[in-house]
Amino acid sequence: MTVRTRFAPSPTGFLHIGGARTALYCWLEARRRGGDFILRIEDTDRERSTDEAVQAIIDGMAWLGLVHDEGPIYQTHRMDRYREVAEKLLAEGKAYYAYETKEEIEAMREAAMAAGLKPRYNGFYRDRAEPLRDDPNRVIRFRNPSEGSVVFDDKVKGRIEWSNTELDDFVIFRSDGFPTYNFAVVVDDIDMGITEVIRGDDHVNNTPRQINVYHALGAPVPEFAHLPMILGPDGQKLSKRHGAVSVMQYRDDGFLPHALLNYLVRLGWSHGDQEIFSVEEMTRLFDIADVNKAASRFDVTKLSWLNQQYLKNDNPADIAAEFTWHLQQAGIDPSTGPKPKDVIVALRDRVQTLKEMAERARTWYAPITEWDPKAVEKHLRNDTAVPVLNASREALAALPEWAPEAIHGVVEAVAAKLALGMGKVAAPLRVAMTGTQVSPSIEHTVYLAGREGALARIDDAIARSGA
RNA sequence: GCUCCCUUCGUCUAGUGGCCCAGGACACCGCCCUCUCAAGGCGGGAACACGAGUUCGAGUCUCGUAGGGAGCACCA
């Protein structure tokens, strides 16, 4: 039987970090085992579900490259099917109608709590052969086994046993005619042939009752794998106050999709001491059974390190498009300066995100507007600055080929000619090119300014030297 | 309250009874390299929650304690 996994978010917001990891694990498990990955939208909560959220989830997954093989399948399109299955259960006596009001149920819960028991439905209508009647409070409840226990072997948590006496006859169809989650998921997972249910561990408690529904329906029970939560850096539940929780926010902040994927795959899973995994390696090495049981914390610092690893090792041409997008986001017109891929080569050892890179690249796409007074004072207004600038200008103007290596040769030649150290030559040039004391290596800094730009900036710097 | 789950350096983790007076990575500190800033190299400090037990031997198995989490809806 082919493996089939699914990612089943409810469309009530953007795709967040936790959901993305769940989707990643589902996707990887399907890929490694040659199976299918299905996207299902759990939109039966009419109050909170929105079309924008559906789109946001699809966009987030597309950016990450987590493509589904089937779907999206919408639960709201399957109402007739849920009804049909509920009718079947009713006919077989595996479910029954109940008529308590919400207030009565609430009173029941409170009484149980007061008695030190867990709040459960008391089964009032369970064995009462009352004729069907119309009632605004009519719901359908599942007839849960009253004895024995449910045992399942969770792929990440291990063996879990649950006594049926802990479970009550839960509602499978609400009075408003909509199915409830615990019922709809089972019907969906059966119909879609899901073999591995991979989801957040906030669902472990639901699993035993769902397994009972599988049994009632005579369907094979799938494998379950419950993933531990991803916490914020402070160990608290991840939320907006921790900063970015939306996957798309990470794109906006300058992270590469595969860097995020790499970070996420290592959060709760490992393969020996390996830290860097290409997507291809992940699909080969990842095994849901190797996932850790304990929750983990989200650490942007390590994500940033990983992001830089990819910035440094990817082919610049491959990330040029993503970088160009960031230039535009920063209000920079890429056509007014050097080729993005050249900028990447110069800056990738110096920044951790594409957003930072775009910011630092600004100096080559527009005239210098701010001169650091300290830089001007220290490196332009001294005895050697003007001679260095003049000699450099002359050599640069005569350079046959405008390339970093050639420019490096010019800097060395000027240093030799004036009997100065490299630093004495690079510093004034750096200030001339950027107005600051910090930039990539001097040959790249000059190169990126372009010949015309570099000569003009040198002239400007000489003017500012006070000479 | 009840049920279930979790617990190795600050963080992510390796570890499946002897290879562990616990390894890697991020972060941090120091040194080296160096045209600035980085990147890189080398080195350093830093953890088995606690207590019993099983065993010749426990981070690894069992029980308990403490701490943390999840769920207990006509929400998913």
Side-chain angles (χ1 to χ4, degrees), chain A residues 8-12 42-45 47-49 75 98 100-102 105-106 109 112-121 137-141 154 157-158 160-163 165-168 170-182 184-185 199-208 226 228-229 231 233 235-237 263 266-276 292-299 301-306 308 312 347-352 360 375 379 408 411-412 415 421-427 429-431 434 436-443 445:
Chain A
S10 50
T12 54
E42 311 221 320
D43 55 354
T44 52
D45 184 343
E47 300 284 294
R48 302 192 299 153
S49 301
Q75 286 192 320
E100 283 86 359
T101 63
K102 288 179 183 175
I105 296 296
E106 184 55 32
R109 299 181 66 232
M113 286 281 250
L117 301 170
K118 82 187 330 189
R120 303 165 68 240
Y121 174 61
N137 291 311
R138 190 227 277 166
V139 298
I140 300 175
R141 283 182 182 273
D154 193 278
K157 300 282 182 180
I160 293 175
E161 178 165 5
W162 217 285
S163 171
T165 57
E166 293 296 328
L167 274 21
D168 66 351
F170 64 100
V171 172
I172 59 174
F173 249 86
R174 302 189 232 154
S175 53
D176 65 4
F178 282 91
T180 60
Y181 168 75
N182 276 315
V185 256
R199 73 229 307 193
D201 70 2
D202 46 330
H203 290 290
V204 254
N205 307 272
N206 290 321
T207 306
H226 288 97
M229 296 190 75
L231 274 15
Q236 297 300 113
K237 195 167 185 167
Y263 180 71
R266 280 285 286 103
L267 205 56
W269 173 83
S270 60
H271 180 72
D273 286 338
Q274 189 171 343
E275 296 287 349
I276 309 283
N292 284 150
K293 298 174 172 192
S296 47
R297 305 184 187 203
F298 193 88
D299 178 20
T301 310
K302 188 155 185 181
L303 203 212
S304 299
W305 173 78
L306 265 172
Q308 187 179 37
K312 284 167 54 181
L347 284 171
R348 60 182 173 178
D349 281 343
R350 298 171 165 76
V351 297
Q352 298 196 299
R360 305 245 328 231
H379 299 299
H408 184 76
V411 176
E412 281 181 329
M422 285 286 279
K424 282 289 183 187
V425 179
L429 277 173
R430 172 167 289 117
V431 178
T434 68
T436 72
Q437 301 187 66
V438 177
S439 85
S441 61
I442 195 61
E443 65 265 29
T445 304

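Remember, it's a predicted structure, so these values are computed and weren't measured experimentally. Chain identifiers are assigned alphabetically (A, B, ...) following the order of the sequence lines, protein sequences preceding nucleic acid strands; residue numbering begins at 1 within each chain.
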Legend entry - Whole-Å P distance, B:rA39 and B:rA27: 8 Å
Inset, instruction - Please check the phosphate of B:rA25 (OP1 and OP2 only) for any side-chain N or O of A:Arg266 closer than 4.0 Å. - result: no
Inset, instruction - Just compare B:rU13, B:rC2, B:rU11 and give me whichever is closest to any side-chain atom of A:Glu166. - result: B:rC2
Inset, instruction - For A:Phe170, check ring pair (Phe, Tyr, Trp, His ring centres under 6.0 Å) against everything at least two apart and list the hits. - result: A:Phe142
Inset, instruction - Check every strand shown and say whether A:Asp43 touches a base, only sugar-phosphate, or nothing at a heavy-atom separation below 4.0 Å. - result: nothing
Legend entry - A:His271 NE2 - B:rG15 C1' separation (whole Å): 15 Å
Inset, instruction - Select from A:Lys102 and A:Gly272 the residue whose nearest nucleotide in RNA chain B is closer to the 5' end of that strand. - result: A:Gly272
Legend entry - Non-neighbouring partners of A:His408 that pass ring pair (Phe, Tyr, Trp, His ring centres under 6.0 Å), sequence neighbours left out: none
Between the protein and nucleotides 64-70 of chain B, list the N/O to N/O atom pairs that are separated by less than 3.5 angstrom.
{"residue": "B:rA70", "atom": "O2'", "partner": "A:Asn205", "partner atom": "ND2", "Å": "3.3"}

Inset, instruction - Among the candidates B:rA76, B:rU13, B:rC74, find the nucleotide nearest to the side-chain atoms of A:Asn292. - result: B:rU13
Legend entry - Between B:rG10 (C1') and A:Lys302 (NZ): distance, integer Å: 13 Å
Inset, instruction - Could you give the distance separating B:rA22 and B:rC48 at their C1' atoms, to the nearest angstrom? - result: 8 Å
Inset, instruction - Please state whether the phosphate of B:rU11, meaning OP1 or OP2, lies under 4.0 angstrom from any side-chain nitrogen or oxygen of A:Ser296. - result: no
Legend entry - Phosphate OP1/OP2 of B:rU7: any A:Arg297 side-chain N/O under 4.0 Å: no
Legend entry - A:Lys293 vs B:rC6: side-chain N/O to OP1/OP2 distance below 4.0 Å: yes
Inset, instruction - Could I get the full list of side-chain hydrogen bond (donor to acceptor under 3.5 Å, both in side chains) partners for A:Asn205, not counting sequence neighbours? - result: none
Inset, instruction - In whole angstrom, give me the gap between the P atoms of B:rA47 and B:rG10. - result: 7 Å
Inset, instruction - Could you list the residues that satisfy side-chain contact (heavy atoms from CB on, under 4.5 Å) with A:Ser175, not counting sequence neighbours? - result: A:Val139
Inset, instruction - Tell me, please, which residues at least two apart from A:Phe298 pass ring pair (Phe, Tyr, Trp, His ring centres under 6.0 Å). - result: A:Tyr250, A:Tyr263
Inset, instruction - Any chance you could measure A:His226, atom NE2, to A:Lys293, atom NZ, to the nearest 0.5 Å? - result: 14.0 Å
Inset, instruction - Check every atom of B:rA39, B:rG24, B:rC74 against the side chain of A:Thr180 and return the nucleotide holding the closest atom. - result: B:rC74
Legend entry - Results of side-chain hydrogen bond (donor to acceptor under 3.5 Å, both in side chains) for A:Arg266 - residues two or more places apart only: A:Glu275
Inset, instruction - With C1' as the reference atom in both, quote the distance from B:rU62 to B:rC74 in angstrom, rounded to an integer. - result: 44 Å
Legend entry - N/O (side chain, A:Arg141) to phosphate O (OP1/OP2, B:rC74) under 4.0 Å: yes
Legend entry - Listed nucleotide nearest any side-chain atom of A:Trp305, set B:rA27, B:rA76, B:rC5: B:rA27
Legend entry - Side-chain N,O (A:Thr12) to OP1/OP2 (B:rC75) below 4.0 Å: no
Inset, instruction - Considering only atom C1', compute the distance from B:rC33 to B:rG69 and round it to an integer number of Å. - result: 48 Å
Legend entry - Point-to-point distance, once rounded to the nearest 0.5 Å, from OG1 of A:Thr434 to CG of A:Leu429: 10.5 Å
Legend entry - Closest to side chain of A:Ser175, choosing from B:rA76, B:rU11, B:rC74: B:rC74
Inset, instruction - Please state the C1' separation for the pair B:rU8 and B:rC35 - nearest whole angstrom. - result: 45 Å
Inset, instruction - Sugar-phosphate atoms are those with a prime plus P, OP1 and OP2; base atoms are the rest. Using that split, label each nucleotide of nucleotides 32-37 of chain B B, S or - for protein heavy atoms under 4.0 Å, 5' to 3'. - result: ---BBB
Legend entry - Euclidean distance for C1', B:rC20 against B:rU36 (whole angstrom): 45 Å
Inset, instruction - Using side-chain contact (heavy atoms from CB on, under 4.5 Å) as the criterion, list what pairs up with A:Thr165, not counting sequence neighbours. - result: A:Ser163
Inset, instruction - With the side chain of A:Asn182 defined as its heavy atoms from C-beta on, choose the nearest nucleotide among B:rA25, B:rA76, B:rG40. - result: B:rA76
Inset, instruction - Answer yes or no: is there a donor N or O on one side and an acceptor on the other, between the side chain of A:Asp176 and the main chain of A:Phe178, under 3.5 Å? - result: yes
Legend entry - A:Gln274 (side chain) and B:rG24 (base): donor-acceptor pair under 3.5 Å: no
Legend entry - Minimum heavy-atom distance between A:Ile442 and A:Arg430, given as atom pair plus value: CD1-N, 3.5 Å
